[in-house]
Amino acid sequence: AADSAYLDELVKGSRTAARVCAGLCADARFNALCAIRDSLLRSREIICAANRLDKKAAAETGLDAPLLKRLDVEGSKFDAMISKVDDVIAIDDPVGRVSLATELDQGLRLQRVACPIGVIAIIFESRPEAAVQISALALKSANAIILKGGKEAANTNAALVAAIQAGLSGLAEGPPPLSVQLVASREEVSALLGMHHQIDLVVPRGSNALVAHIMANTRIPVMGHADGICAVYLDRAAAEEKAVSVVVDSKCDYPVACNAAETLLLHEATLPRAWPAVAAALLDKGVALKCDSTALSSLPAALRSSQASQLSEATAADFSTEFLSLTMAVKTVASVQEAVEHINGHSSHHTDAIVTEEAAAAEHFTSYVDSAGVYVNASTRFADGQRYGFGAEVGVSTNRIHSRGPMGVEGLLIYKYVLRGAGHAVADYSAGRCTFKHKQIALAAECRGVLSSLAEPKMLLILSAAVAVGVGLGVRASAARAVERWSGGERWRAEARDGSVGRGRAVDRSGWCTRVSSILALASEDYFDGFAQMLAD
């Protein structure tokens, strides 16, 4: 059974960390990401040693080859993991961004401001580098997270989280190390699922069984997806070259990914032309094709004979199966509408694609297919937060609320309404003494939430004086860094850019890479002492 006292303290630590993160400026989050990047690089050998322990144990227990492949974080996989942290560092910080501004009445202004969700529990299987991607996105979005990885990656996950916490521990100002925490057992997860007053969101990444179990055993909102049953439909107007490119990439680029295609739908008009070329290309890549009788009989006799071992009759179950391997189910349809109906009835609503040169068919497909990603003449493998420009992703959501598709930083944000007045009272409007204007205010390209301390009269006086002096001297823009205050250990800067006020940034992001080593020299090694000793033993 899980230690309830320990878990209570763990979750309290996460909540405290979340509240600290919510009040930090963008620079503190930026520096924190740089810190964990450097700490991961310094700890590469420890992490890889832990990973080798996990891979050895997994191989000895007979873990399936696709899952074993997902477990690896060495070599180029480690480099790619660091690259995704770089991508998260590079994207704009959206916390505090204003998406709506309305003047309700004179002196009464309403803003909708992006803010973090709070404490998020994220449960994932097999792929340990997900811990790094998720942590980077959580810190960028000012959230605190509790991670639970697969038991087959226990050593790797522990080493990765230790490196992340070590990086955070060296910061004078930034997210606390408890912003990223790790639990190890199913019993602990079960206990966490009952903490609906303390945890704000659960994001499962894994099998259908995992997601179904979590949804059935918690009152906490759940966001995510289960299987990745993606389809590519070759329309009657499909160009052969594009068909080969899209289908082969969707299936073969990385077959174990949730955005790999598992089903190929063929318009009957493609059977004598595009289908033989697509089939030949897939077979050359080693793909086993499970075809309906029409698609199978339409292949040239020579191809059926030479590749007989890779061709078989499909069953009904094949069209609802996530193979996670070089296997693909193939079905013939009579129209784009039949393809749409098949996808909506059999897919996991993740990502589906059409190959066509006909605009009407593409429009019909994108309008009626009920999936998080609907593509035209492009591989399903593009369904990825990094490829979308999100830096990385927590997962892919097939939910129909809040966030859908690859969940980057913005998928981990909600919003709050901030109303600023000057003693306004509803009674004046009820009595007819005042009337609402509801005037929309145009948003600047990089609109940020105004300084949280603007309600302080003294701060307003200082800021107004600074701007007035700047205007009087003809150097309005140079009044930008007029005000600086310290509150609760957090630095805030008031900036006036062309008369507007926003939250400042002390760090020039374009040159961050030249300063990483000096910024991170403070990172503590204490988190690794026990772990390194365990590996040595």
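This is a predicted model, so every value here is computed, not measured. In this chain, numbering begins with 1 at the start of the sequence shown.
- Nearest heavy-atom pair across Lys69 and Lys77 is O-NZ, 3.1 Å.
- If you take CG on Leu33 and NZ on Lys140, they are separated by 6.0 Å, rounding to the nearest 0.5 Å.
- Not one N or O on the side chain of Thr327 forms a donor-acceptor pair closer than 3.5 Å with the backbone of Ala288.
- With Gln181 contributing its side chain and Leu10 its backbone, the two residues share a donor-acceptor pair below 3.5 Å.
- Contact of the Pro116 side chain with the Cys21 side chain is not registered, since no non-hydrogen atoms from C-beta on lie closer than 4.5 Å.
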For Arg44 and Asp79, run side-chain contact (heavy atoms from CB on, under 4.5 Å): C-alpha distance rounded to whole Å, both residues' side-chain angles, the deciding distance at 0.1 Å, then the answer. CA-CA 10 Å; Arg44 183 169 186 155; Asp79 297 333; 2.9 Å; yes

Check the pair Glu410, Arg97 against salt bridge (Lys or Arg N to Asp or Glu O under 4.0 Å), reporting the backbone distance first and the verdict last. CA-CA 10 Å; Glu410 293 190 3; Arg97 183 173 295 159; 3.2 Å; yes

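- Taking CD of Glu240 as the start and CG of Leu234 as the end, the distance is 10.5 Å to the nearest 0.5 Å.
- Remark: side-chain polar atoms of Arg236 are not paired, donor with acceptor, to backbone N or O of Ala269 under 3.5 angstrom.
- Residues Lys251 and Glu262 are paired through a salt bridge, judged by an N-O separation under 4.0 Å between the basic side chain and the carboxylate.
- A distance-only check finds no donor-acceptor pair linking the side chain of Asn51 to the backbone of Asp72 [under 3.5 Å].
- Side chains of Arg52 and Cys48 form a contact here, defined as non-hydrogen atoms less than 4.5 Å apart.
- Contact record, Ser141 with Leu413: O-CD2, 3.5 Å, taken as the closest heavy-atom pair.
- Remark: the Asp318 side chain and the Thr315 side chain contain an N/O donor-acceptor pair separated by less than 3.5 Å.
- Asn344 places a side-chain N or O within donor-acceptor distance of the main-chain N or O of Asp370, the cut-off being under 3.5 Å.
- A 4.5 Å side-chain heavy-atom check between Glu188 and Leu7 finds at least one atom pair inside the cut-off.
- Between Ala353 and Ala378, the closest heavy-atom pair is CB-O, 3.5 Å.
- Under the 30°/60° scheme for interplanar angles, the aromatic rings of Tyr233 and Phe365 are found to lie parallel.
- More than 12 non-hydrogen atoms from other residues, nucleotides or ligands lie less than 6.0 angstrom from CD of Glu313.
- Taking CD1 of Ile91 as the start and CG of Asp86 as the end, the distance is 12.0 Å to the nearest 0.5 Å.
- Between the Thr380 side chain and the Ala260 main chain, no donor and acceptor come within less than 3.5 Å of each other.
- Taking a cutoff of 4.0 Å between a charged side-chain nitrogen and a carboxylate oxygen, Lys55 and Glu74 qualify as a salt bridge.
- No side-chain donor-acceptor contact under 3.5 Å links Thr218 to the backbone of Met215.
- Remark: the backbone N or O of Lys331 is not paired with any side-chain donor or acceptor of Asp292 at under 3.5 angstrom.
- In terms of heavy-atom proximity, Ala361 sits nearest to Ile354 at O-CD1, 3.8 Å.
- Heavy-atom neighbours of Tyr415 OH from other residues, nucleotides or ligands within 6.0 Å: at or below the threshold of 12.
- Using a distance-only test at 3.5 Å, with no hydrogens or angles considered, no donor-acceptor pair links the side chain of Tyr368 to the main chain of Val336.
- Summarising the geometry, atom CG belonging to Asn155 is positioned 12.5 Å from atom CD1 belonging to Ile46; distances are rounded to the nearest 0.5 Å.
- Between Thr356 and His267, the closest side-chain pair of non-hydrogen atoms is not below 4.5 Å.
- Counting non-hydrogen atoms of other residues, nucleotides and ligands closer than 6.0 Å to CZ of Arg112 gives a total above 12.
- Scanning both residues, Ile117 and Leu412, for their nearest heavy atoms gives CG1-O, 3.4 Å.
- Residues Thr263 and His342 meet the side-chain proximity criterion, which asks for heavy atoms closer than 4.5 Å.
- In this structure, the side chains of Leu147 and Phe124 come closer than 4.5 Å at one or more pairs of heavy atoms.
- Taking 4.0 Å as the cut-off between side-chain N and carboxylate O, Arg387 and Asp87 do not count as a salt-bridged pair.
- Residues Val355 and Tyr375 have side chains not in contact (no heavy-atom distance under 4.5 Å, counting atoms from C-beta outward).
- One distance of note links CG of Leu299 with OG1 of Thr294; it measures 11.5 Å at 0.5 Å rounding.
- Residue Leu266 comes nearest to Val330 through the heavy atom pair CD1-CG1, 3.5 Å, listed as atom of the first residue, atom of the second, then distance.
- Using a 4.5 Å heavy-atom threshold, the side chains of His364 and Val340 count as touching.
- The side-chain contact (heavy atoms from CB on, under 4.5 Å) search around Ser335 returns Gln337, Glu338, not counting sequence neighbours.
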Candidate pair Val287 and Cys252, rule side-chain contact (heavy atoms from CB on, under 4.5 Å), full reasoning: CA-CA 8 Å; Val287 178; Cys252 304; 3.6 Å; yes

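- Side-chain atoms of Glu322 come within 3.5 Å of backbone atoms of Gly228 as a donor-acceptor pair (strictly under, hydrogens ignored).
- Relative orientation of the Phe390 and Tyr388 rings is perpendicular, given thresholds of 30° and 60° on the angle between their planes.
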